[in-house]
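Reviewing the structure listed below.
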Protein chains: 2
Amino acid sequence: MKVKNYYKNLPHKTIERLSQYRRALLICLENGKTHIFSHEIASIQHITPVQVRRDLMLIGYSGTLRKGYNIQDLIDVISNIIDDEAGIKAAVVGMGNLGRALLKYIRGKRHKLEVVVGFDTSEDKIGKQYNGITCYSLDDLDRVVKEKDIKLAILTVPAAYSNDVADKLVKAGIKGILNYTPKPIRVPDEVYLEEYDMITTLEKVAFYIKMHQEEEEEEQQHSHDA
Amino acid sequence: MKVKNYYKNLPHKTIERLSQYRRALLICLENGKTHIFSHEIASIQHITPVQVRRDLMLIGYSGTLRKGYNIQDLIDVISNIIDDEAGIKAAVVGMGNLGRALLKYIRGKRHKLEVVVGFDTSEDKIGKQYNGITCYSLDDLDRVVKEKDIKLAILTVPAAYSNDVADKLVKAGIKGILNYTPKPIRVPDEVYLEEYDMITTLEKVAFYIKMHQEEEEEEQQHSHDA
DNA sequence: AATTTTATGTTATTTTTTTAACAAAACTTG
DNA sequence: CAAGTTTTGTTAAAAAAATAACATAAAATT
């Protein structure tokens with residue numbers, strides 16, 4: 001059995017939570033904490049302590065019975081799993097409001113995952129610097145991606161172009177795309193694709209507001225009946 | 001059995017997909033299509049036709065055997081389920097790059113879900129118009145939310161303030177919060193909370209790129225051995 | 001020193017979600 | 001007009017994810 005690659009069987013949801021745990025842990029570390037209990041992590045992430053312990057069990061990390069988990073150690077263990085040793089370079093493709101917002105969020109946060117360039121079609125933006133990275137023309141995409149060995153693209157172009165740009169990215173050899181465009185794109189199997197749709201999330205919240213509202217109305221109706 | 005409220009038992013994932021289906025259907029409608037097959041919807045959304053049919057079964061919508069689903073009808077059925085009849089008003093709280101980007105995305109797309117105001121602390125922004133909505137001071141949040149009957153808040157303030165602002169929103173009577181802040185917030189049970197974390201999504205993509213990469217290296221190793 | 005409390009780590013169970021299987025219907029083709 | 005094809009709708013099975021249950025251990029308390 002290859003111990004080295006045990007994390008390949010980790011559930012997708014666990015991978016997501018590991019990233020979230022790490023972020024929470026980094027904040028705790030900044031605040032001077034050295035140890036943390038499963039129920040503390042759980043409380044931050046709005047989940048149950050059991051789930052935290054189960055995730056940590058899956059990655060083979062053990063805490064101490066009375067002090068909980070060593071924050072720095074746990075950060076290191078998680079980083080070893082989710083980070084690429086050599087680091088992964090990313091590009092923001094589409095430097096509109098969303099692209100620039102994401103860039104600001106990400107820039108400098110993780111040394112193993114760095115946004116190194118941006119792309120846009122607008123003459124105003126090409127050649128300019130944003131949060132310390134330069135914006136290139138989409139025409140130079142293929143060259144720049146190959147030169148800088150960029151593997152991940154954050155797609156934030158207008159929906160109308162999403163498919164064309166995605167094709168370009170694939171041809172340039174990109175390995176993963178995070179699509180923030182409201183239109184699903186099509187890529188070959190070997191390219192990892194994650195679609196995130198803001199409107200869907202928003203409509204979901206609206207739906208549950210509506211539902212909650214109707215439930216309350218119903219309850220009032222009942223108490224009125226009685 | 002209350003037929004009126006059957007949709008309260010719909011799986012969460014189905015709700016999400018219904019929103020996605022509708023968006024895809026609206027695009028098809030614009031392109032002049034009148035009918036669509038389950039496998040066409042599936043292909044757009046990167047899922048299986050079975051899942052589409054199952055979701056539509058759950059909402060009680062039937063297509064015709066040879067023509068598939070009537071696009072306009074299906075849009076109406078979905079809208080009846082996920083939209084609030086009276087409409088839900090939303091606010092973008094934090095008019096930075098991300099807030100403005102989301103506003104641009106959403107503005108005018110759904111008439112049953114409308115962003116009506118923005119909030120910010122910056123003097124430069126207060127009083128200004130963005131995509132047709134005015135930006136108010138965060139100090140006026142309570143008043144404006146109540147006056148305009150705003151039920152949903154899109155939280156895009158800097159992480160440091162997320163909890164304080166969330167508390168304000170809850171006090172003002174908000175019913176649902178979509179938190180785009182990289183820090184989880186805490187709200188009472190009666191407020192629906194959806195957290196979305198861009199960094200987690202990004203790190204997830206990076207992880208699967210890494211994994212894929214290692215798998216390929218392994219395969220090369222094997223073929224080298226043989 | 002015995003008992004209680006509070007955590008962890010792990011197995012078992014339940015719930016949720018996805019996928020498979022297949023009957024029925026409508027159209028097409030030989 | 002019979003056989004074949006295609007697509008829906010639904011039930012059954014499988015897979016994934018979350019939750020519960022509980023044994024174990026270390027510290028605190030009585």
Side-chain angles (χ1 to χ4, degrees), chain A residues 6-21 25 28 33-71 73-74 77-78 189 194-195 200 204 207-208 211, chain B residues 6-21 25 28 33-71 73-74 77-78 184 189 193-195 200 204 207-208 211:
Chain A
Y6 72 94
Y7 50 76
K8 299 208 166 153
N9 300 315
L10 291 175
H12 281 225
K13 293 280 181 179
T14 296
I15 296 296
E16 285 177 20
R17 282 190 298 263
L18 288 177
S19 160
Q20 288 164 354
Y21 297 160
L25 292 169
C28 293
K33 268 177 89 95
T34 61
H35 289 77
I36 194 165
F37 295 121
S38 62
H39 65 257
E40 292 177 293
I41 299 176
S43 161
I44 297 169
Q45 298 300 143
H46 308 311
I47 56 175
T48 63
V50 194
Q51 193 153 58
V52 174
R53 292 205 300 277
R54 219 179 177 291
D55 285 334
L56 299 190
M57 183 197 82
L58 291 175
I59 65 173
Y61 183 72
S62 288
T64 52
L65 201 38
R66 212 64 191 189
K67 285 199 260 174
Y69 304 95
N70 180 300
I71 294 178
D73 281 1
L74 184 47
V77 170
I78 293 175
D189 281 350
E194 181 85 24
E195 308 252 7
T200 288
K204 191 179 161 192
F207 171 79
Y208 285 107
M211 218 175 77
Chain B
Y6 72 94
Y7 51 77
K8 297 207 168 152
N9 300 315
L10 291 175
H12 281 226
K13 292 279 181 182
T14 296
I15 296 296
E16 284 177 20
R17 281 191 298 262
L18 287 177
S19 159
Q20 287 165 353
Y21 296 161
L25 292 169
C28 292
K33 268 177 88 95
T34 61
H35 289 77
I36 195 165
F37 295 121
S38 62
H39 61 83
E40 291 177 296
I41 300 176
S43 161
I44 296 169
Q45 298 300 143
H46 307 312
I47 56 176
T48 63
V50 195
Q51 194 153 57
V52 174
R53 293 205 300 276
R54 217 179 178 292
D55 285 335
L56 300 190
M57 184 197 82
L58 290 176
I59 65 172
Y61 182 72
S62 289
T64 52
L65 202 37
R66 214 64 190 189
K67 284 199 259 175
Y69 303 96
N70 179 301
I71 294 177
D73 282 0
L74 184 48
V77 170
I78 293 175
D189 282 349
L193 173 64
E194 181 85 25
E195 309 251 6
T200 289
K204 191 178 161 194
F207 171 79
Y208 284 107
M211 218 174 78

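Note: hydrogens, waters and symmetry copies are ignored here, and every other heavy atom, side chains too, is used. Every chain is numbered from 1, with letters handed out A, B, ... down the list of sequences. These numbers come from a predicted model, not from an experiment.
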Are side-chain heavy atoms of [X] and [Y] found at a separation under 4.5 Å?
X       : Y       : value
L74(B)  : Y21(B)  : no
E194(A) : K204(B) : yes
F37(A)  : V52(A)  : no

Who passes ring-ring contact (aromatic ring centres under 6.0 Å, His included) against H46(B), sequence neighbours left out?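 H46(B) satisfies ring-ring contact (aromatic ring centres under 6.0 Å, His included) with no other residue.
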State which residues pass ring-ring contact (aromatic ring centres under 6.0 Å, His included) with Y208(A); sequence neighbours excluded, sorted by chain then number. H12(B), Y192(B)
Passing candidate, side-chain contact (heavy atoms from CB on, under 4.5 Å) with C28(B), options I36(B), T34(B), I41(B):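 Between C28(B) and the candidates, side-chain contact (heavy atoms from CB on, under 4.5 Å) is satisfied uniquely by I36(B).
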Is the side chain of Q51(B) donor-acceptor paired with the backbone N or O of T48(B) at a distance under 3.5 Å, no angle test?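 No: the side chain of Q51(B) does not pair with the backbone of T48(B).
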Let me know the distance between [atom1] of [X] and [atom2] of [N], rounded to the nearest Å.
X      : N       : atom1 : atom2 : answer
I59(B) : dT10(D) : CD1   : P     : 12 Å
Q45(B) : dT18(C) : CD    : P     : 13 Å
L58(B) : dT17(C) : CG    : C1'   : 11 Å
M57(B) : dA23(C) : CE    : C1'   : 15 Å
H39(B) : dT8(D)  : NE2   : P     : 6 Å
L10(A) : dA15(D) : CG    : P     : 19 Å
F37(A) : dG9(C)  : CZ    : C1'   : 15 Å
N9(B)  : dT16(C) : CG    : C1'   : 14 Å

After noting the C-alpha distance and the side-chain angles of Y69(B) and L56(B), does the key distance pass the side-chain contact (heavy atoms from CB on, under 4.5 Å) rule? CA-CA 10 Å; Y69(B) 303 96; L56(B) 300 190; 3.5 Å; yes
Can you identify which nucleotide, out of dT8(D), dT10(C), dG9(D), has its nearest atom closest to the S38(B) side chain?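 Of dT8(D), dT10(C), dG9(D), dT8(D) is nearest to the side chain of S38(B).
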To the nearest 10°, give me the bend of the helix from dA1(C)-dT30(D) to dG30(C)-dC1(D), comparing the axes of its five terminal pairs at either end. 10°
Kindly say if T64(A) contacts the phosphate of dA7(C), meaning a side-chain N or O under 4.0 Å from OP1 or OP2. no
Set of salt bridge (charged side-chain N to carboxylate O under 4.0 Å, His left out) partners for K13(A), sequence neighbours left out: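 Listed in chain order: nothing, the list is empty.
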Quick check for you: to the nearest 0.5 Å, what is the distance between M211(B) atom CE and K8(A) atom NZ? 6.5 Å
Under 3.5 Å, N/O pairs linking protein and nucleotides 25-30 of chain D:
| residue | atom | partner | partner atom | Å |
| --- | --- | --- | --- | --- |
| dA26(D) | N3 | R66(A) | NH1 | 3.3 |

Under 3.5 Å, N/O pairs linking protein and nucleotides 17-23 of chain D:
| residue | atom | partner | partner atom | Å |
| --- | --- | --- | --- | --- |
| dA18(D) | OP2 | R17(A) | NH1 | 2.7 |
| dA18(D) | OP2 | R17(A) | NH2 | 3.2 |
| dA18(D) | OP2 | Q51(A) | NE2 | 3.1 |
| dA18(D) | O5' | Q51(A) | NE2 | 3.3 |
| dT19(D) | O4 | R54(A) | NE | 3.2 |

